[in-house]
Amino acid sequence: MTSTEPVSLPAALSSFSALWSPRILTTVNDYDVRVAKVEGEHVWHVHDRTDEFFLVLDGELHIALRESESGGERTVVLPKGSAFTVPRGIEHKPYAPVRTEILVIEPSGTLSVGDRHDDVPGHVDVTTGHVLSS
Ligand code: NI
């Protein structure tokens, strides 16, 4: 999976337009570095066995979190240039108020809607990441 050539982030981002449909930029050991274009709501979901790292490349990403002990919800707001890690086992739902580009790092094979999730709306791609077409 790992390319033997450099990968241009702008070129990768301009190679697709689908929303909530991550592309695998490269891999590092057992992890994917994925990029995605997002807008609107994703779906409540949980990754039982892995943390999930987000970096906002452009736009603004909100991540609603249901933190287990309190049962309460909070939302973290990530403007362009901000990073956040959702801990494993925490139910979360990303939301982008405007067209946003994100970089995500998580183990290869991690499903975009996690191990458990609410009903997946039609605009959300259920995927372990697509290969970048060059
Ligand atoms: Ni997630």
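Order of appearance sets the numbers: ligands from 1, and atoms from 1 within every ligand.
- For the Ni ion (ligand 1), the neighbouring protein N/O/S atoms at less than 2.8 Å, given as residue and atom, are His45 NE2, His47 NE2, Glu52 OE1, His92 NE2.
- Using a 4.0 Å cut-off between charged side-chain N and carboxylate O, Arg49 and Asp115 make a salt bridge.
- Ring to ring, His47 and His92 are close: their centroids are under 6.0 angstrom apart.
- The cluster map of Ile, Leu, Val, Met, Phe, Trp and Tyr, joined by side-chain heavy atoms under 4.5 Å apart, puts Val33 and Leu9 in the same cluster.
- Counting only distance, with no hydrogens or angles, the side chain of Thr100 and the backbone of Val98 share a donor-acceptor pair below 3.5 Å.
- The aromatic rings of His42 and Trp20 are tilted relative to each other, their planes meeting at an angle between 30° and 60°.
- A salt bridge is absent between Lys80 and Glu60; no separation between the charged side-chain nitrogens and carboxylate oxygens falls under 4.0 Å.
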